[in-house]
Structure formats: structure tokens, C-alpha cells
Amino acid sequence: MPFNWKDLTPVRMMALDQFVLWVNAETPYKTAKEYVAAAKAAGPGKFKMGGTGSKQEDQIITVALEKQSGAKFTYIPFKGGGAVNTQLVGKHVDSTVNNPIEAVANWRAGKVRPLCVFDNERLIYKGKVAGDSAWSDIPTCKEAGVDMDYLMLRGIFMAGGVTADQVKYYSDLLEKVRGLPEWKEFMEKGAFNQTTMVGDQYKNWVAKEEQRHMQLMKEAGFLAASK
């Protein structure tokens with residue numbers, strides 16, 4: 001697309017959304033390392049990874065997982081995260097990388113199992129969600145033997161060319177939003193990483209992630225290597 005984030009003005013990172021590697025609860029896999037090893041042993045394309053859309057976050061994670069592990073999945077795109085998790089419950093795919101909020105109902109119902117979270121640290125939420133398990137009980141993928149991480153930006157931008165005072169107004173307003181009990185409840189419900197950034201720190205984070213995504217998409221064949 002003829003568009004770049006630099007056409008806008010970064011205001012505030014509100015949070016980072018998590019991705020969790022999920023399998024059907026009736027499968028024997030208890031760890032991410034065990035599951036990835038099974039996928040690798042089965043041979044290229046034998047295990048199906050369900051995800052939202054094509055050439056988006058879920059498929060990028062799948063490509064990164066393949067690069068790190070040597071396993072090769074058949075990626076199957078669906079229209080939304082809810083549909084993806086439903087396909088896992090129905091055993092039409094072998095795994096997904098759903099956001100927590102997309103899969104929590106089926107985890108609570110005992111239909112899916114989380115193997116690891118694609119973050120450098122465990123989730124902080126210790127309230128019981130599924131039986132005796134809390135979000136904080138899910139190991140990071142690195143802990144579980146899959147050395148990779150991936151977080152999704154949940155942030156606010158304004159139009160390009162706005163003034164510093166306008167940016168400060170909305171940044172301060174959004175900081176007040178982050179202090180509300182409703183926001184804190186939403187963060188816990190969705191098991192978000194509550195990292196926040198403003199100013200140059202936020203811009204630098206987005207710039208670094210842009211380069212990372214360009215590289216991942218080149219490796220996946222989504223972009224020509226010369227671009």
C-alpha cells in the first residue's frame with residue numbers, strides 16, 4: 001500500500017497485545033517444544049496452523065515459528081479470531097496463535113490448551129481463568145523451548161502535521177484513560193502487556209518493528225527482497 005506510519009503522528013502506545021500458541025485440549029501436547037517437534041517430525045505441511053487473514057500477524061508469527069524451529073506448517077486463513085479458535089475446537093486445524101481475549105472462553109470451557117505466550121516475560125495476571133490455571137501460569141515460548149517473541153501494537157496515532165500541544169493534549173487524556181478501573185479491568189480480561197510509550201520512545205519502537213516486519217515478510221516471500 002502507498003502508506004507508511006510516518007504519514008501519521010504517534011501519540012501513545014496504550015498496550016501490547018499477546019499471542020498464545022493454542023492446541024485442542026484433547027491432543028497429547030503439553031509443551032510448545034513437544035508440539036513443534038511433532039510438527040517437524042510429521043513432515044512439511046502436515047500440521048495446520050489457523051490464523052486471521054493472509055500476510056498479517058498470525059501468518060507472520062507462523063513464518064517466524066517455522067524459521068526458528070525448522071517445522072513447516074500449512075497456514076489456513078479465516079476471517080476473524082473467533083472463527084479461528086472455533087476451527088481449533090472442531091479439530092479442523094492443529095494449532096492457532098489467537099490473542100488471549102479470542103480464546104479465553106474456550107480455554108475456560110476446557111476445549112483448548114495454551115502452550116506458550118510469545119513474550120519475553122510471563123503474563124502478570126494471577127486470577128484463575130480455567131480450573132486452577134491463571135494467565136501467569138502459561139510459560140513464555142522461550143521458556144518452553146521455542147526461542148521467539150512477537151507482540152502486537154495497540155496504540156493511538158493522529159494525523160500528520162499536528163502541533164506538539166495537540167499531541168500532548170491527547171497523550172495526557174489517554175494517560176487518564178489508562179488510570180480508569182474500566183481500563184484496568186479490560187487489560188486483565190484480555191491479558192494485555194500494559195507497556196506504554198510516548199514521544200521518541202514510541203516512534204523508535206514503531207520504526208524498529210517496521211524493519212523487523214519488513215525482514216519477516218521478505219523471508220516469507222510476501223515482499224520482494226530488493227524492497
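In what follows, residues are counted from 1 in the order of the sequence shown. Computed from heavy atoms alone, side chains included, the values below leave out hydrogens, waters and symmetry copies.
Ring planes of F186 and F192: tilted class, angle from 30 to 60°. Under the 30°/60° scheme for interplanar angles, the aromatic rings of F47 and F73 are found to stand perpendicular.
Nearest heavy atom pair, residue A32 against residue L115, reads N-CB, 3.9 Å. A pairwise comparison of heavy atoms in P100 and V20 identifies CG-CG2, 4.1 Å as the closest pair. Across V36 and A71, no two heavy atoms sit closer than the pair O-CB, 4.0 Å. Of all heavy-atom pairs spanning Y29 and R113, the tightest one is O-NH1, 2.8 Å. Considering all non-hydrogen atoms of both residues, R12 and T196 come closest at NH1-OG1, 3.0 Å. Here the closest non-hydrogen pair linking R108 and A130 is CA-CB, 4.0 Å.
With a 4.5 Å cut-off on side-chain heavy atoms, L8 and F3 count as touching. Residues F78 and V93 are in side-chain contact: their nearest non-hydrogen atoms beyond the backbone lie under 4.5 Å apart. In this structure the side chain of K6 never reaches within 4.5 angstrom of the side chain of K203, judged on heavy atoms. In this structure the side chain of V146 reaches within 4.5 angstrom of the side chain of L65, judged on heavy atoms. You'll find the side chain of N85 stays beyond 4.5 Å of the side chain of E102, heavy atoms only. When side chains are defined from C-beta on, T195 does not count as touching W205, because their heavy atoms never get closer than 4.5 Å. Proximity of V104 to K189: side-chain heavy atoms (C-beta onward) are nowhere separated by under 4.5 Å. With a 4.5 Å cut-off on side-chain heavy atoms, L153 and E209 do not count as touching.
Under a hydrophobic-cluster definition in which Ile, Leu, Val, Met, Phe, Trp and Tyr are linked whenever side-chain heavy atoms come within less than 4.5 Å, directly or via other members, I124 and F118 are assigned to different clusters. Clustering ILVMFWY residues whenever any of their side-chain heavy atoms sit less than 4.5 angstrom apart, transitively, puts V167 in a cluster other than the one holding M197. A continuous path of Ile, Leu, Val, Met, Phe, Trp and Tyr side chains, each step under 4.5 Å between heavy atoms, connects I101 with V112, placing both in one hydrophobic cluster. Transitive grouping of hydrophobic side chains (ILVMFWY, heavy atoms separated by less than 4.5 Å) keeps I156 and Y202 in distinct clusters. Cluster annotation: M187 is connected to L174 through the hydrophobic network of ILVMFWY side chains, with a link wherever side-chain heavy atoms come within less than 4.5 Å.
Rounded to the nearest 0.5 Å, atoms CD (E121) and NZ (K142) are 10.5 Å apart. Note that the OG1 atom of T140 and the CG atom of D149 stand 9.0 Å from one another [nearest 0.5 Å]. Interatomic distance, CE of M152 versus CD1 of I60, reported as 9.5 Å (0.5 Å rounding). The distance from the CG atom of N99 to the CH2 atom of W22 is 10.0 Å, given to the nearest 0.5 Å. Between I61 atom CD1 and L151 atom CG the span is 9.0 Å, to the nearest 0.5 Å. For the atom pair L216 CG and T62 OG1, the distance stands at 11.5 Å (nearest 0.5 Å).
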Enumerate donor-acceptor pairs with a distance under 3.5 Å from any side-chain N or O in residues 48-58 to protein atoms, sequence neighbours excluded.
{"residue": "T52", "atom": "OG1", "partner": "G81", "partner atom": "N", "Å": "3.3"}
{"residue": "D58", "atom": "OD2", "partner": "T52", "partner atom": "N", "Å": "2.9"}

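Side-chain N or O atoms of D7 include one that pairs as donor or acceptor with a backbone N or O of N4 at under 3.5 Å. Between the side chain of T31 and the backbone N or O of A144, no donor-acceptor pair lies under 3.5 Å. In this structure, Q211 contributes its side chain and K208 its backbone to no donor-acceptor pair below 3.5 Å. Judged by distance alone, with hydrogens and angles left aside, the side-chain atoms of R122 form no donor-acceptor pair with the main-chain N or O of V117 at under 3.5 Å. Of the possible donor and acceptor atoms, one in the side chain of N24 sits under 3.5 Å from a partner among the backbone N and O of V89.
In this model, a donor atom of one side chain and an acceptor atom of the other lie less than 3.5 Å apart for E219 and Q215.
Between D172 and K168 a salt bridge is recorded (basic side-chain N to carboxylate O distance below 4.0 Å). Salt bridge K91/E26: present, at least one basic N to carboxylate O contact under 4.0 Å.
Within 6.0 Å of CG in D132 there are 12 or fewer heavy atoms belonging to other residues, nucleotides or ligands. The number of heavy-atom neighbours closer than 6.0 Å to CZ of F157, taken from other residues, nucleotides and ligands shown, is above 12.
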Take M14 and R178 through the side-chain contact (heavy atoms from CB on, under 4.5 Å) test and state the conclusion after the steps.
-> CA-CA 8 Å; M14 296 296 287; R178 293 184 71 255; 3.6 Å; yes
List the steps and the verdict of side-chain contact (heavy atoms from CB on, under 4.5 Å) for Y35 and V23.
-> CA-CA 9 Å; Y35 174 71; V23 294; 3.9 Å; yes
Stepwise, does the side chain to side chain donor-acceptor pair (under 3.5 Å) test hold for D119 with N193?
-> CA-CA 9 Å; D119 199 349; N193 177 319; 3.1 Å; yes
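Considering only residues two or more places apart in sequence or on other chains, H213 meets the side-chain hydrogen bond (donor to acceptor under 3.5 Å, both in side chains) condition with Y150.
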